[in-house]
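One structure is given below, encoded as structure tokens.
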Amino acid sequence: MRRRGIETVILAGADTHGIMRGKRVPIAELDRAAARGVSLCEVIWALPVDEREPVQPPAGHTGWFPPAGYPDMLAIPDLDTARVVPWHDHTALVLCDFVNREGSAIPVSPRAVLRSVVERARAMGVEPIVGVELEFYVLRETPQSALGKRPSQLVAVDERPSVYGVVAASRQEPFVEGVRETLRRYGLGVEACNPEAGPGQFEINLRAAAALQAADEAFLLKSAVKEVAARQGLLATFMAKPRSDWPGSSCHLHLSLGDGDGDGEGLSPTMRHFIGGLLAGMAELSAIFAPTPNSYRRYAAHSWAATTATWSLDNRSAGLRAISRGDGATRVEHRQPGADANPYLAVAAALAAGLDGVRRACEPPAPMDGDVYALPDGTAPSLPATLAEATDLLDGSALARDWLGDDVVAHSVAMRRGELAAQAAAVTDWETARYLEAL
């Protein structure tokens with residue numbers, strides 16, 4: 001780093017929401033930080049998204065939660081993740097693992113949760129490979145301007161959608177090319193980029209990688225896109241659905257175990273069992289894949305989001321899409337997670353469900369054909385329609401408690417119920433517009 005002229009190092013990791021938290025240290029302090037870690041207050045595990053007031057553990061809460069005094073924890077740099085930050089001068093970043101003073105991982109630390117799932121996968125003799133596709137909107141807004149507007153007043157960088165539209169993409173290429181080049185210099189494996197179904201909505205596909213690396217890169221991509229946009233006076237958002245008249249933004253996960261045990265359809269017994277496990281876990285893990293009340297605005301017919309626990313062969317109207325291409329490209333695309341999901345927890349939850357299906361030799365039903373959205377109600381297993389329903393299912397999930405841990409489930413439930421309480425107390429723009437003058 002000194003040879004590259006680095007003067008400042010960002011030491012950071014993901015909180016429960018997937019927000020980057022950490023500190024900047026001078027390069028002269030990096031050796032000490034690498035040996036001892038740097039102190040951060042445990043309050044980050046209790047902060048809601050708006051950070052106005054920490055969430056308090058509910059009465060009778062069992063499991064880990066930061067105590068009221070919010071003591072320090074340590075961020076331990078993982079030096080294998082070091083990279084130059086190309087949009088800052090003389091700056092590098094190193095991802096960190098969060099541990100307590102005794103050196104044990106904070107039980108709800110998302111990176112540690114994913115690492116534990118990967119370790120169980122390896123004990124089963126498989127190495128999970130994950131490719132992440134992230135969608136986001138780019139707005140002609142700032143944090144200040146956006147706060148003063150109703151959702152319908154938010155202005156995107158383009159007026160019309162143009163899915164895969166090359167001409168439309170060309171209008172935004174000065175910005176998007178800059179993003180792609182920045183991500184390349186940042187060390188992220190960008191495979192492709194295209195306009196999506198909403199105005200000013202884009203998708204970036206990251207190259208498949210080992211699960212922890214894939215989640216690291218997705219986490220870094222989100223913060224990088226937001227920072228690069230802000231430097232150009234724009235606002236990039238991974239909110240699931242910023243406007244009711246715009247499509248939602250997804251975080252599609254392409255999952256593979258690569259056992260090479262194919263059958264006549266190109267789907268191995270392991271893959272079938274993996275799909276069976278994914279289907280069995282979709283409903284009870286929904287609060288991980290869709291962590292906010294807004295997340296559930298994304299789930300609607302013909303929205304390209306997973307509304308049912310179904311699977312198909314290369315059919316995007318089902319919740320899971322099995323893709324058999326040969327040459328190591330056979331995989332399952334999980335279409336339920338939203339762009340607002342924490343990448344570490346979403347990958348951990350998806351792998352947990354699939355691996356549990358492999359462990360139990362869980363056979364899936366027959367794949368769905370045609371338009372799954374058009375099926376009569378009750379034909380296919382539906383997924384939770386609200387965060388409240390999803391949170392109750394997560395609370396009772398033996399799968400989540402086994403693979404992610406009791407502490408993670410209890411903490412996630414407490415944080416989501418805190419978010420629901422904040423939503424219930426809010427007077428919305430919709431209510432004011434509908435009732436203020438009329439009543």
Side-chain angles (χ1 to χ4, degrees), residues 117 120-121 124-131 133 208 211 250-290 299 301 304-326 328-337 346-384 390 393-394 396-400 402-404:
V117 172
R120 286 184 67 170
M124 295 171 63
V126 294
E127 180 69 32
I129 303 298
V130 180
E133 300 174 348
S250 303
C251 174
H252 296 151
L253 304 177
H254 291 254
L255 309 165
S256 173
L257 302 180
D259 71 338
D261 181 21
D263 62 17
E265 294 179 302
L267 306 185
S268 70
T270 300
M271 184 174 181
R272 290 199 310 273
H273 299 155
F274 191 82
I275 290 170
L278 288 175
L279 292 172
M282 287 178 79
E284 60 197 89
L285 297 173
S286 292
I288 301 294
F289 301 133
Y299 300 119
W304 307 113
T307 59
T308 56
T310 54
W311 77 287
S312 67
L313 298 171
D314 205 1
N315 176 348
R316 286 179 169 83
S317 66
L320 306 175
R321 182 171 71 112
I323 305 165
S324 180
R325 300 274 168 80
T330 298
R331 61 196 187 276
V332 182
E333 181 189 30
H334 200 313
R335 299 181 61 81
Q336 188 181 9
V347 172
L351 289 176
L355 291 166
D356 194 67
V358 173
R359 181 179 63 82
R360 296 185 295 110
C362 184
E363 286 288 346
M368 306 293 288
D369 293 322
D371 185 356
V372 177
Y373 293 121
L375 293 174
D377 289 345
T379 305
S382 60
L383 295 172
L393 289 174
L394 179 64
S397 173
L399 169 70
D402 178 16
W403 284 84
L404 307 182

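- Side-chain contact between Leu393 and Pro384 is present, with at least one heavy-atom pair separated by less than 4.5 Å.
- Counting only heavy atoms from C-beta outward, the side chains of Arg321 and His252 never approach each other to under 4.5 Å.
- Minimum interatomic distance between Leu285 and Ala349 (heavy atoms only, all atoms of both residues): CD1-O, 3.4 Å.
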Considering only distance and modelled atom types, tabulate donor-acceptor pairs under 3.5 Å from the side chains of residues 353-360, sequence neighbours left out.
| from | atom 1 | to | atom 2 | distance (Å) |
| --- | --- | --- | --- | --- |
| Asp356 | OD1 | Arg359 | NE | 3.3 |
| Asp356 | OD1 | Arg359 | NH2 | 2.5 |
| Asp356 | OD1 | Trp403 | NE1 | 3.0 |
| Asp356 | OD2 | Arg360 | NE | 2.9 |

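- The OG1 atom of Thr310 lies 11.5 Å from the CD1 atom of Ile275; values are rounded to the nearest 0.5 Å.
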For residues 362-372, please give each side-chain donor-acceptor pair under 3.5 Å, one per line with the distance, not counting sequence neighbours.
| from | atom 1 | to | atom 2 | distance (Å) |
| --- | --- | --- | --- | --- |
| Glu363 | OE2 | His273 | NE2 | 3.0 |
| Asp371 | OD1 | Tyr373 | N | 3.0 |
| Asp371 | OD2 | His302 | NE2 | 2.7 |

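- The closest side-chain heavy-atom distance from Ile323 to His254 is below 4.5 Å.
- A distance of 9.5 Å separates CG in Leu278 from CG in Leu253, rounded to the nearest 0.5 Å.
- Here the closest heavy-atom approach between residue Val347 and residue Ala211 is recorded as CG1-CB, 4.3 Å.
- Using modelled atom types, one finds no donor on one side chain facing an acceptor on the other under 3.5 Å when comparing Glu133 with Ser250.
- Nearest heavy atoms, Arg335 versus Ala318: CD-O, 3.7 Å.
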Test side chain to side chain contact (heavy atoms under 4.5 Å, CB included) on Arg120 and Asp402 and set out the steps.
CA-CA 11 Å; Arg120 286 184 67 170; Asp402 178 16; 3.2 Å; yes
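- Leu267 places a side-chain heavy atom less than 4.5 Å from the side chain of Leu313.
- The OG1 atom of Thr330 sits 12.0 Å away from atom CG of Leu257, with the distance rounded to the nearest 0.5 Å.
- Residues Leu383 and Tyr299 form no side-chain contact, since every pair of their non-hydrogen atoms from C-beta on lies 4.5 Å or further apart.
- Scanning both residues, Gly281 and Leu399, for their nearest heavy atoms gives CA-CD2, 3.9 Å.
- For the pair Leu320/Met282, a side-chain contact is recorded, criterion being any heavy-atom separation below 4.5 Å from C-beta on.
- The side chain to side chain contact (heavy atoms under 4.5 Å, CB included) test applied to Thr379 returns Leu375, Pro376, not counting sequence neighbours.
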